[in-house]
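Atoms within each ligand, like the ligands themselves, are counted from 1 in listed order.
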Amino acid sequence: MARCYGMNLILNAATVTDVGLVRTNNEDCAHAGRRVFAVADGVGGLPAGELASAIVVRALAELDGDEPAQADPLALLRRAVESANRQIREASAANPAHEGMATTVTALLLAGDQIGLVHVGDSRCYRLRDGELAQLTRDDTFVQELVEHGLLTAAQARTHPRRSLVTQAVQGDDDLLPTLLLLTPCPADRFLLCSDGLSDAVTDEAIAGVLREVTDPQKCAERLVRLALVAGAADNVTVLVADVRCEPS
Ligand code: CA
């Protein structure tokens, strides 16, 4: 597999969010910067979900300096999410209206020729490589556990009434255990981060088709959001498309 020898790796990214057709407020939050790319989904049904998703995205966006990250990207990502977790605990304790607020987070940090990935909850990271779509994150959900125990098929999980029940979220708990992965990207890899407003409404096959067909990241993100809206978009929809590119150093 080709690598970016002697070249700078960059991610050319775009993000689109939409409140959807049913809800009145958008509790999703996203950031597409130079090195940090994040999607967070304030957990529905709880107060101040939009504040929780903004807190975790802001903590991650602080890593988005002009200089390449020198430290271990996974340590930086873990520290940022732990900091957001503390801020959410403090905000919940300080204001009864914020009590119980929670968010998912899925984020990438570009560091040299590697990419760190952090994940909590049911927002997803996919990678399109050579036309093949792979889901890189495992949903922290009740239905995912049932699928892994052979009690549900993946198709049944998609329509299960409790499919939104997350087993882990950034909500101020001491036992938060983010999933951390170090990725080695290849030129022409395309990453997709999304909230469950996309992955619940649109099949992986349809997502893959759009990622293959629409070259421009902004237009691609817009097309994916439109597919979710056409499917009814009962939830907020957030999509971030990031293309790996090599640039002369
Ligand atoms: Ca959602």
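Per residue D196, closest N, O or S atom to the Ca ion (ligand 1): atom name OD1. Of all N/O/S atoms in D41, OD2 sits nearest the Ca ion (ligand 1). The name of the N, O or S atom in D235 nearest to the Ca ion (ligand 1) is OD2.
Between D243 and R245, at least one side-chain N (NZ, or NE/NH1/NH2) sits under 4.0 Å from a carboxylate O, which counts as a salt bridge.
Shown here are the side chain to side chain donor-acceptor pair (under 3.5 Å) partners of D200, two or more places apart in sequence or in another chain: R163.
Annotation: cation-pi pair R162/F142 present, NZ/CZ under 6.0 Å from the ring centroid and within 45° of its normal.
The hydrophobic cluster containing V19, built from Ile/Leu/Val/Met/Phe/Trp/Tyr side-chain heavy atoms closer than 4.5 Å, comprises no other residue.
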